[in-house]
Amino acid sequence: MAHPRYPHLFETLDLGFTTLKNRAIMGSMHTGLEEVNYKNVIRGLKNRSRDQVADAFAGYQKLAAFYEERAAGGVGLIVTGGVAPNRAGWVLPFAGKMTHFWERRKHEIITEKVHRAGGKIAMQILHAGRYGYHPLAVAPSSIKSPISPFKPKALSKRGVRRTIEDYANCAKQAQLAGYDGVEIMGSEGYLINQFIAKRTNRRTDEWGGSYENRMRFPIEVVKHVREAVGPHFIIIYRLSMLDLVEGGSNLEEVITLGKRIEAAGATIINTGIGWHEARIPTIGTMVPRGGFSWVTRQIKGEVSLPLVTTNRINMPQIAEDILARGDADMVSMARPFLADADLMKKSEDGREDEINTCIACNQACLDHTFELKQATCLVNPRACYETSFNIKPATTRKKIAVVGAGPAGLACAVTSAERGHEVVLYEADSQIGGQFNMAKKIPGKEEFQETLRYFGKQLELHQVKLQLNHRATVEELGQAGFDEVILATGVKPRGLNIPGIDHEKVYSYVDVLKHKKPVGDKVAIIGAGGIGFDVAEYLAHGSTSTSLDVNAFLKEWGIDHSIQAPGGVEGLSKDTPSNPRTIYLCQRKTSKLGAGLGKTTGWIHRTSLKDKNVQMLRGISYQKIDDQGLHIEVQKKDKSTQAQVLEVDHIVVCAGQEPLRDLQSELTEKKISVHLIGGADVAAELDAKRAIRQGTKVAMRL
Ligand code: FAD
Ligand code: NAP
Ligand code: SF4
């Protein structure tokens, strides 16, 4: 019987030799568990701790637990993180590879656990080509990529043939390891894409030149893989449908390749959007939900294989709408399954309000991967720590007060109550969320509201006594007989010592974002950290946020809806919404503004503000503020300084924060057990990732 709310999402998919239980794929994600954790080996050796060394080698057990939970959560098909078919194909030195039986044996625990949990799993085969971050990297031509310092060696003709055989061998090994299929990674700018695009393929033999020659490599790969694995094995081909780089493919070429991939023996075609070197956001939180499903639709009817669409699909209704519109036959969600292993189960049971939604921040997943750290999730710190991060029932039921319902306090209150404690959560404001209530007002950060919806529901489910509009005092905390008091009172904006700082034209970011004080046409922002950038984005925006409107987003980033232009971008210009204000974003450091922002998102924020003509000033010394504006001295390249007046209507201070923990000393004097979490503990470099993780961890120990 069809599902009453999501009939398309929960329809089975018959592939002839096997059936998928629904239309959701968990997309490929590298977690960092695939490789030996050498940092932990060194730590273990230093501390003479056998457990730490053993733990460093336990990546596959941890991966198995990670996938097992997602399989039990009901997703139709899981695709693993990329595994290289040979050494040259490594993304990083000693990255996951599958060429020999001892490498495949490590994977058996994964397939076994997933199957036992009732799931299906395919292994992604990924050859990094010139994106390989190591000296053994190879590519069709010896052209360095902008995102790796290593210039690749051009593959010889024999090398090309051998690489195709390596793909086939890798797929065969995956089959023997118990996988239900493989995904051949043909997008995102990796080796296969590098063969296809003129941009990276300058060969003059049968593997380069005409499009017919350039697409020979992926077709041969699929043919050889099919021959190796036989007819009853899933082959997903990840087709780069929108390269978003100059010298990429156009729609006609993509369709031609799709047809040939079908003929070569693929089972499913997945959609790839954007090369890693593209300078257009494809999965950041500013990308509209489901903002690229129109791309997949363009190949509908041209091939008869099931088509998968992807990017920024994070809730069941978005998935259902895409499938119902006929844009695709399946949806792929990757990060949403990091955020919530039970996304599908909750959707099926009508418990959508319990879904811990991926807010597309990248802070704990992709940013970690690019910093060579283990991936996890900002909203779900348990992700990828399934074997060690377990919330167990409390042995003694305690009465706990949590003061402050920002991300840290919310995480702590929910986890404490989940463990069986009696929890009272005090919040001075009229709503839960703390600073997230300001974050969600930034254009492109609307998703942050989902985390507050999630926590709101969890408070209800775990019967936390929430007291809004209630500023907790030392007296009541002392009198109510709490066993533990958790101070999650957050931060206060840092006070500055600039002459004239009390002038009426000076606001704090709280005045602007929370109290909505009217801001004039000319503004200077003091401080260019995450909040300074966000405030600049807020002030630079016209009436609408392009993250809520696909067409406006495509215009803002210069994307060709018809994909006639090579890569969907060549020759197109951006149509950035005009900025109603003159904005100066200032910092004292002489380094590039925004250098401390997320590795995978910082460039988007910088580009977005530059496109809106926000002026970025560095090497600033603040002299004074008066009716004229902000008086500064600017350090020049030769270290001399130049005085300047920024004649502005308002100055918004975004210069960091200090902990707000005024209750602490008196509570301690009264011998009440106090724990500090989030901003109340350490304000420097505080983000929601640390706040939620720390709140959860403290609750696990109470
Ligand atoms: P807070 O969020 O400050 O919450 C503290 C709460 O305690 C408040 O609700 C306050 O009202 C309450 N309180 C204080 N005293 C009392 C009392 N005596 N009684 C009762 N209640 C009290 N982080 C990210 O990771 N990624 C982002 O993209 C991001 N964007 C941001 C954008 C903006 C515009 C802002 C302002 C912040 C952003 N942050 C972001 C930072 C993030 O919101 C904070 O790190 C996080 O909110 C800190 O959580 P917290 O619980 O420690 O404190
Ligand atoms: P921040 O990132 O520490 O930035 C503070 C800014 O103020 C810096 O640019 C600093 O630069 C300046 N500053 C510091 N002391 C100053 C002083 N005494 N006088 C003048 N300027 C001073 O803090 P934030 O912007 O308030 O952000 C708080 C946290 O929220 C961050 O740690 C961040 O992780 C999180 N956040 C994240 C995002 C995101 O997109 N991931 C977005 C928003 C917030 P100079 O010292 O060079 O002047
Ligand atoms: Fe999504 Fe952010 Fe979690 Fe990554 S860290 S899965 S982007 S919520």
Side-chain angles (χ1 to χ4, degrees), residues 29 283-285 314 334-339 356-368 375-380 383 403-412 425-429 431-442 445 447-448 451 467 470-473 487-498 509-510 513-514 526-535 538 585-591 593-594 596-598 601-602 605 618-620 622 653-657 659-663 677-681 683-692 694-695:
M29 280 177 288
I283 58 168
T285 190
N314 62 348
R335 298 169 300 167
F337 286 107
L338 268 184
N356 197 358
T357 305
C358 166
I359 58 173
C361 64
N362 282 2
Q363 284 175 241
C365 50
L366 271 182
D367 282 350
H368 276 209
T376 180
C377 172
L378 179 141
V379 299
N380 174 19
V403 185
L410 287 167
C412 189
L425 174 60
Y426 296 100
E427 171 51 55
D429 210 339
Q431 54 184 344
I432 61 164
Q435 293 174 57
F436 257 36
N437 289 309
M438 290 185 268
K440 73 184 189 194
K441 290 186 183 151
I442 308 301
K445 278 189 157 177
E447 289 285 3
F448 282 53
T451 304
Q467 310 237 343
H470 191 123
R471 184 168 290 279
T473 61
L487 288 186
T489 41
V491 294
K492 52 184 180 221
R494 176 179 282 131
L496 297 187
N497 225 347
I498 305 168
Y509 63 88
V510 182
L513 297 174
K514 186 172 175 185
I526 294 183
I531 294 179
F533 265 75
D534 274 356
V535 168
Y538 177 83
L585 182 57
C586 313
Q587 75 172 22
R588 297 173 304 175
K589 289 186 284 287
T590 49
S591 53
L593 270 80
L597 298 177
T601 51
H605 298 301
R618 51 182 156 167
I620 300 295
Y622 306 106
V653 179
C654 305
Q657 296 102 1
L660 180 63
R661 50 182 176 222
D662 38 5
L663 302 176
I677 57 172
D681 178 25
E685 292 175 17
L686 170 75
D687 60 9
K689 179 176 71 175
R690 166 145 67 82
I692 292 177
Q694 192 186 19

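When a ligand or atom number is given, it counts from 1 through the structure's own listing order.
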note = Per-atom filter on ligand 1: closer than 4.0 angstrom to a heavy atom of G678 are 52 (O)

Atom 48 (O) of ligand 2: the protein heavy-atom neighbour that sits closest, reported with distance to 0.1 Å = R588 N, 2.9 Å

ask   = Against heavy atoms of F448, which atoms of ligand 1 measure under 4.0 Å?
value = 27 (C), 28 (O)

query = Side chains of Q694 and D681: closer than 4.5 Å at any heavy-atom pair?
reply = yes

request  = Run down the list I531, L425, L597 and name the one with the heavy atom closest to atom 35 (C) of ligand 1.
outcome  = I531

ask   = With side chains defined as the heavy atoms from C-beta onward, is the minimum distance between F533 and I531 less than 4.5 Å?
value = no

Heavy-atom pair of closest approach, residues L338 and T376 = CD1-O, 3.7 Å

inquiry  = If I take atom SG from residue C365 and atom CD1 from residue I283, how far apart are they, to the nearest 0.5 angstrom?
reply    = 7.0 Å

request  = Please write down residue, atom name and distance for the protein heavy atom closest to atom 43 (C) of ligand 2.
outcome  = G530 C, 3.2 Å

ask   = Among protein heavy atoms, which lies nearest atom 30 (N) of ligand 1, and at what distance?
value = K445 NZ, 2.8 Å

key: Nearest-contact summary for atom 3 (O) of ligand 2 - protein heavy atom, Å   = G656 CA, 4.7 Å

query = Among all protein non-hydrogen atoms, which one is nearest to atom 7 (O) of ligand 1, and what is the separation to 0.1 Å?
reply = G404 CA, 3.2 Å

request  = Determine whether M438 and Y509 make a side-chain contact, defined as any pair of heavy atoms from C-beta on separated by less than 4.5 Å.
outcome  = yes

inquiry  = Taking 4.0 angstrom as the limit and counting only heavy atoms of G679, give me the atoms of ligand 1 inside it, by number and element.
reply    = 52 (O)

inquiry  = Out of all atoms in ligand 2, which are within 4.0 Å of some heavy atom of D534? Include the element for each.
reply    = 42 (C), 43 (C)

request  = Answer with side chain, backbone, both or neither: which part of T489 has a heavy atom less than 4.0 angstrom from an atom of ligand 1?
outcome  = both

query = Among R690, Q363, Q657, which one has a heavy atom closest to atom 41 (N) of ligand 2?
reply = Q363

message = Does any N or O of ligand 2 fall below 3.5 Å from an N or O anywhere on Y622, backbone included?
response = no

note = The atoms of ligand 1 lying under 4.0 Å from a heavy atom of G434, numbered in the order shown, are 2 (O), 4 (O), 8 (C), 9 (O)

query = Going from CZ on R335 to CG on N380, what distance comes out if it is rounded to the nearest 0.5 angstrom?
reply = 14.5 Å

ask   = Can you tell me the protein heavy atom closest to atom 10 (C) of ligand 1 and the distance?
value = E427 OE2, 3.5 Å

task = For atom 32 (C) of ligand 1, grab the closest protein heavy atom and report residue, atom and distance to one decimal in Å.
result = D534 OD2, 3.1 Å

inquiry  = Within the structure provided, determine whether R618 and Q587 are in side-chain contact (heavy-atom separation under 4.5 Å).
reply    = yes

query = If you count the atoms of ligand 1 from 1 in the order shown, which ones are under 4.0 Å from a heavy atom of A691?
reply = 49 (O)

Proximal atoms of ligand 1 relative to V403 (non-hydrogen, under 4.0 Å) = 17 (C), 18 (N), 19 (N), 20 (C)

task = Of the side chain and backbone of D687, name the one, both, or neither that has a heavy atom under 4.0 Å from an atom of ligand 1.
result = both

Inter-residue atom distance I442.CD1 - D534.CG, 0.5 Å rounding = 4.5 Å

message = Please state which option from A364, G598, G433, A408 has its nearest heavy atom closest to atom 50 (P) of ligand 1.
response = A408

inquiry  = Can you tell me which portion of L513 lies within the under-4.0 Å heavy-atom range of ligand 1? Options are side chain, backbone, both, or neither.
reply    = side chain

ask   = Please state which protein non-hydrogen atom is closest to atom 41 (C) of ligand 1 and give its distance, to 0.1 Å?
value = Q435 OE1, 3.9 Å

ask   = Where does L496 meet ligand 2, judged by heavy-atom distances below 4.0 Å: at the side chain, the backbone, both, or neither?
value = side chain

query = Can you tell me if K441 has a non-hydrogen atom under 4.0 Å from ligand 1?
reply = no

ask   = Is any side-chain heavy atom of D687 less than 4.5 Å from a side-chain heavy atom of Q363?
value = yes

ask   = Is ligand 1 under 4.0 Å from a heavy atom in the side chain of P407, in the backbone, in both, or in neither?
value = both

message = Does only the side chain of L686 get under 4.0 Å from ligand 2, or the backbone, or both, or neither? Count heavy atoms.
response = backbone

key: Residue and atom name of the nearest protein heavy atom (relative to atom 47 (O) of ligand 2), distance in Å to one decimal   = K589 N, 2.9 Å

remark   = Taking every heavy atom of E447 against every heavy atom of I359, the minimum-distance pair comes out as O-CG2, 3.3 Å

query = Counting only heavy atoms on the protein side, is anything nearer than 4.0 Å to atom 39 (N) of ligand 1?
reply = no

ask   = Which residue holds the protein heavy atom closest to atom 26 (N) of ligand 1, what is that atom called, and what is the gap in Å?
value = Q363 OE1, 2.7 Å

Which residue and heavy atom of the protein sit nearest atom 25 (O) of ligand 2, plus the separation = I531 N, 2.9 Å

ask   = Applying the side chain to side chain contact (heavy atoms under 4.5 Å, CB included) test to C412, which of I692, I677, L425 qualifies?
value = I677

inquiry  = As an exercise, state the distance from SG of C377 to CE of M29, rounded to the nearest 0.5 Å.
reply    = 9.5 Å

key: atom 6 (C) of ligand 2: nearest protein contact (heavy atom, Å)   = C654 O, 3.6 Å

Ligand 1 contact on H470 by region, counting heavy-atom pairs under 4.0 Å = backbone

task = Determine whether L660 and L487 make a side-chain contact, defined as any pair of heavy atoms from C-beta on separated by less than 4.5 Å.
result = no

note = For Y426, the atoms of ligand 1 under 4.0 Å from one of its heavy atoms are 20 (C), 21 (N)

remark   = re atom 42 (C) of ligand 2, the protein heavy-atom contact at minimum distance is K445 NZ, 3.3 Å

query = Which atom names give the shortest non-hydrogen contact between A684 and R690, and what distance separates them?
reply = O-NH2, 2.8 Å

task = Say whether D687, considering both its backbone and side-chain N or O atoms, lies within less than 3.5 Å of an N or O atom on ligand 2.
result = no

ask   = What part of L378, side chain, backbone, both or neither, has a heavy atom within less than 4.0 angstrom of ligand 1?
value = side chain

inquiry  = Which residue and atom name correspond to the protein heavy atom nearest atom 2 (O) of ligand 2, and how close is it?
reply    = G529 CA, 3.5 Å

inquiry  = Any non-hydrogen side-chain atom of T285 less than 4.5 Å from a side-chain atom of C361?
reply    = no

note = Of all protein heavy atoms, the one nearest atom 20 (C) of ligand 1 is A428 N, 3.2 Å

task = May I ask you to test the K492-V510 pair for a side-chain heavy-atom distance under 4.5 Å?
result = no

inquiry  = Considering non-hydrogen atoms of the protein only, which is the closest contact for atom 31 (C) of ligand 1, and what is the distance?
reply    = A439 CB, 3.6 Å

ask   = Closer than 2.8 Å to atom 4 (Fe) of ligand 3, how many protein N/O/S atoms do you count?
value = 1

ask   = Which of the atoms of ligand 1 are close to A488, meaning less than 4.0 Å from one of its heavy atoms?
value = 5 (C), 6 (C), 7 (O)

task = Quick one: sort the Y426 and H470 rings into parallel, tilted or perpendicular, breaks at 30° and 60°.
result = tilted

Given K440, Q435, K441, the one that forms side-chain hydrogen bond (donor to acceptor under 3.5 Å, both in side chains) with N437 = K440

